[in-house]
Amino acid sequence: MKSVLSLSIVALACVSAHAGEVEVLHWWTSGGEAKAAAALKSSMQAKGHTWKDFAVAGGGGDAAMTVLKSRVVSGNAPAAAQIKGPSLQEWAKEGVLANLDATAKAEKWDEVLPKVVSDVMKHKGNYIAVPVNVHRVNWLWASPAAFQKAGAKLPTTWDEFFVAAEALKKAGVTPVAHGGQNWQDFTTFEAVALGVGGADFYKKALVQLDPGSVSSPTMEKVLTTFKRIKGYTDKNAPGRDWNLATAMVIKGEAGMQIMGDWAKGEFLAAGKVPGKDFACVATPGSANAYTFNVDSFAMFKLKNEANVKAQNDLAAAIMGTEFQEVFNLNKGSIPVRLNMKMDKFDDCAKASSKDFVATAKSGSLVPSIAHGMAVPSSTEGAIKDVVSQFWNDDKMDAKAAMAKLAAAAKTK
Ligand code: GAL
């Protein structure tokens, strides 16, 4: 008995000598998101580490980023934080991020990641973040029951979209479930820009912010089409959270929602089956294009050795095949790691995976502005504000909005 006891004490001491704590900042608080985050937590606990959850609610992460800034400024950074796209470079320049090269090398990240992703995860050639997934943003989610009630057909063009919206309205269903928050307004806007203008226009106008494309007849058409959608949303849309908008489609109270595939995580968490209880189609006019949103975690420099070890274990776990599968099955996204088996994934994810590869080849794989993938955060904030102002102000016409957009696009 005594020897068994002392043996288990030795074993325990071994685990705790390496066990550390990771405090992880994220904004995954909706049904599907929370299930996905739980997968990360349990993989850390399995390694003996303590997971300190630092969840800041608010889709799109604006609130989380505000909280993160104040924590870092006060010298109390978390071990890891969900930071994405060009913002990673902004944080790296502050000198507060840890170098993950040792883990990246041991785990062969350069070999198992698409280069378009690994480039974003590096600062001056060193890994400063680890990617989790690939979300497709240009999705339209639809309720087959609502469409049947309205005798409507799933749209593939914007003209068809408005025909379906009109039919849904006549059938007493809210045509478009929308949440009036600026990142959601912009998620709709960039889908319209991609569908109406095409991938080249999208890149020129919204990624390169080329003045001739920002102020153009195509942009005017994009703005007009975007604003027309508002007439098909309900009066409670302002301020609504995205997952509550998804719930309207889940219940058949609304016909459609334009949202990235984290919405699929909500349908699945509610026990709904793709192709039967809900439909996923590319937003109108964008079947041959793909707006990507890659979630990633940056690690902050820490002093405590056990916590540094825990941080590296977290980075390694995130890129591991097991985690990539279980996390993405819940999150609605697809693995970011190349050559993963997709047999457990549904048809929406399989289509996303196939289209990611095809559009990367054809040049129509574009970064999401709404989700912090394309432009510096200050520019992103300025153009998002104009788009939401235009959405909300029924007295502003498309020409006036375009002039404001041109000015905002110059924000450095
Ligand atoms: C996105 C994020 C997704 C999803 C969404 C809604 O910006 O990349 O993972 O969580 O916000 O919260």
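Just so we're clear, the structure is a prediction, and the values are computed from it rather than from any experiment. Indexing begins at 1, ligand by ligand and atom by atom, following the structure's order.
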Asks: For R136 and N138, which I'm curious about, is there any donor-acceptor pair between the side chains at under 3.5 Å?
Replies: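 Present: a donor and an acceptor within the cut-off.
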Asks: Might you list the protein residues in contact with ligand 1, defined as having a heavy atom under 4.0 Å from one of its atoms, sorted by chain and number?
Replies: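 The 4.0 Å shell around ligand 1 contains W27, W28, E33, G59, G60, K84, H135, W242, W262, N293, D295, K331, H371.
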Asks: Sequence neighbours left out, cut at 3.5 Å: what donor-acceptor pairs do the side chains of residues 96-104 make with other protein atoms?
Replies:
| residue | atom | partner | partner atom | Å |
| --- | --- | --- | --- | --- |
| N99 | OD1 | D101 | N | 2.7 |
| D101 | OD1 | Y127 | N | 2.7 |
| T103 | OG1 | N312 | OD1 | 2.8 |

Asks: Sorted by first residue and then second, give each salt bridge (Lys or Arg N to Asp or Glu O under 4.0 Å) pair with at least one member in residues 172-191; sequence neighbours left out.
Replies: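 Applying salt bridge (Lys or Arg N to Asp or Glu O under 4.0 Å) to every pair that reaches into residues 172-191, excluding sequence neighbours, yields nothing.
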Asks: May I have all residue pairs that pass salt bridge (Lys or Arg N to Asp or Glu O under 4.0 Å) and include part of residues 123-135, sequence neighbours excluded?
Replies: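 Output for this query is empty, none listed.
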Asks: Give me the ring orientation class for F226 and W391: parallel if the planes are under 30° apart, tilted from 30 to 60°, perpendicular past 60°.
Replies: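 Correct class here is tilted.
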Asks: Rounded to the nearest 0.5 Å, what's the gap from CG on N328 to OG on S352? Could you check?
Replies: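 Result: 9.5 Å between the selected atoms.
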